[in-house]
Amino acid sequence: MSTLELIKTLREKTSAGLGACKEALANSNNDIDAAVVYLRKKGLADLAKRAGREIKEGRIAIKTSADGKYTAMVYFGCETDFVAKTADFIALTDKLAQYVLEHPEISDYTNDKTLTEIIHENAPKFGENVSLAKAVCWKAGEGCSIINHYLHTDNKKAALVELSVKCDKCCADTKQKIQDLARTLAMQSVGMVAQYLQEKDVPEDIINREKDIALTQAKNEGKPEAAIAKIIPGRLKKFYKEVCLLDQPFMKDNKISVTDYVASVAKETGAEIKVVRFVRF
């Protein structure tokens with residue numbers, strides 16, 4: 001069996017990292033069984049046993065490039081809040097976020113080999129199941145595009161928001177107000193648990209589900225058929241106000257919508273502002 005095959009076999013048996021497997025084989029004369037014992041003694045051979053345990057806790061880290069063009073956000077999961085607050089877990093979460101920031105070309109970070117390797121190398125010190133739950137890296141759009149974020153104090157909830165801005169004279173004060181707007185919208189999406197940006201983003205199957213629910217509710221309430229046709233659009237509108245960021249009541253003034261608030265900042269700054277996208281963890 002070749003060295004690569006031995007490493008592969010040992011990793012399948014133990015779920016230990018590549019480096020740890022190489023070391024174990026080198027110290028065991030390429031004897032698989034002895035290498036397993038070596039890893040067990042070092043606490044590196046029980047990751048597979050932990051894999052089935054549920055991940056309920058974790059931590060979010062956000063990194064931005066020096067030029068502001070790229071922003072990365074990761075959610076690194078674990079089993080307990082105790083582990084999530086340890087210095088080692090915090091440091092590893094930051095390390096994963098930095099890697100994501102430096103590799104915006106990766107399409108699926110949760111299946112990236114290097115990230116998986118980093119996690120496997122560090123996981124044994126936590127003594128519980130850990131994994132990269134979510135990760136994104138955004139590149140700001142062409143022209144004047146602003147990305148800002150909000151990270152809740154518990155480090156378990158966060159969001160990114162990107163704004164497209166057209167402004168004849170974007171002074172420092174104007175840019176700061178628009179940066180503040182992006183952060184406020186990120187906070188809104190976390191606090192109000194927004195799921196979509198606007199109505200057109202809601203999937204057809206979700207809309208059909210809500211229509212069916214509204215229809216059933218109306219019938220159970222004994223509404224006449226003629227009235228039901230008018231009731232369903234109204235209840236869909238209410239649904240959109242709950243789940244679509246731009247349709248939600250603004251959290252600092254529920255008499256206006258988020259769209260109204262964005263328009264007010266645009267008027268104040270003299271800029272044309274469009275909410276391009278958001279993501280919430």
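Below, all heavy atoms of this structure are taken into account, side chains as well, without hydrogens, waters or symmetry copies.
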Parallel, tilted or perpendicular: ring planes of F89 versus F76, cut at 30 and 60 degrees = parallel

Can we say [X] and [Y] salt-bridge, meaning some charged N sits less than 4.0 Å from an Asp/Glu carboxylate O?
X: K156; Y: E57; value: yes
X: R235; Y: E221; value: yes
X: K56; Y: E128; value: no
X: K85; Y: D81; value: yes
X: E268; Y: K177; value: yes

In the structure I gave you, are the side-chain heavy atoms of [X] and [Y] within less than 4.5 Å of one another anywhere?
X: K63; Y: D94; value: yes
X: K134; Y: V74; value: no
X: H120; Y: T116; value: yes
X: Y70; Y: T64; value: no
X: Y261; Y: L181; value: yes
X: P203; Y: Y196; value: yes
X: T184; Y: M187; value: no
X: C21; Y: R11; value: yes

[X] versus [Y], closest heavy-atom pair with distance:
X: L10; Y: A24; result: CD2-CB, 4.1 Å
X: A158; Y: L151; result: CB-CD1, 3.6 Å
X: H149; Y: R183; result: O-CG, 3.3 Å
X: L197; Y: V276; result: CD2-O, 3.5 Å
X: A97; Y: A61; result: CB-CB, 3.8 Å
X: I146; Y: K175; result: CD1-O, 4.3 Å

Spacing of [X] atom [atom1] and [Y] atom [atom2] [to the nearest 0.5 Å]:
X: L236; Y: I231; atom1: CG; atom2: CD1; result: 12.5 Å
X: I273; Y: K166; atom1: CD1; atom2: NZ; result: 13.0 Å
X: N155; Y: I62; atom1: CG; atom2: CD1; result: 9.0 Å
X: I32; Y: L25; atom1: CD1; atom2: CG; result: 5.5 Å
X: F239; Y: I232; atom1: CZ; atom2: CD1; result: 14.5 Å
X: K219; Y: K223; atom1: NZ; atom2: NZ; result: 15.0 Å

Check for a donor-acceptor pair, side chain of [X] on one end and backbone N or O of [Y] on the other, with a separation under 3.5 Å.
X: N122; Y: I118; value: yes
X: D260; Y: S257; value: yes
X: E162; Y: G141; value: yes
X: T86; Y: V83; value: yes
X: D247; Y: C244; value: no
X: E5; Y: S2; value: yes
X: N254; Y: P249; value: no

Between the side chains of [X] and [Y], does any donor sit under 3.5 Å from an acceptor?
X: S28; Y: D31; value: no
X: T110; Y: D108; value: yes
X: Q188; Y: Q248; value: yes
X: E79; Y: N129; value: no
X: D205; Y: N208; value: no

More than 12 foreign heavy atoms under 6.0 Å from NZ of K241: is that the case here?
-> no

Is K157 atom NZ crowded by more than 12 heavy atoms from other residues, nucleotides or ligands, each under 6.0 Å away?
-> yes

Check against side chain to side chain contact (heavy atoms under 4.5 Å, CB included), V275 and L246 = CA-CA 8 Å; V275 184; L246 294 180; 3.8 Å; yes

Identify whether [X] and [Y] are in the same connected component of the hydrophobic contact network (ILVMFWY, side-chain heavy atoms under 4.5 Å).
X: I60; Y: W138; value: yes
X: L92; Y: L132; value: yes
X: L245; Y: V265; value: yes
X: V193; Y: M251; value: no
X: I119; Y: Y109; value: yes

Could you give me the CA-CA distance, side-chain angles and deciding distance for T71 and C137, then say whether side chain to side chain contact (heavy atoms under 4.5 Å, CB included) is met?
-> CA-CA 6 Å; T71 302; C137 186; over 6 Å; no

Steps toward side chain to side chain donor-acceptor pair (under 3.5 Å) verdict (D180, Q176) | CA-CA 6 Å; D180 292 343; Q176 186 57 55; 2.9 Å; yes

Full working for side chain to side chain contact (heavy atoms under 4.5 Å, CB included) between K237 and E199 = CA-CA 9 Å; K237 202 72 177 176; E199 287 184 27; 2.9 Å; yes

Answer with yes or no after comparing the ring centroid distance for Y75 and F281 against a 6.0 Å cut-off, counting only values under it.
-> no

From CA spacing to verdict: side chain to side chain contact (heavy atoms under 4.5 Å, CB included), L185, F278 = CA-CA 9 Å; L185 296 185; F278 84 99; over 6 Å; no

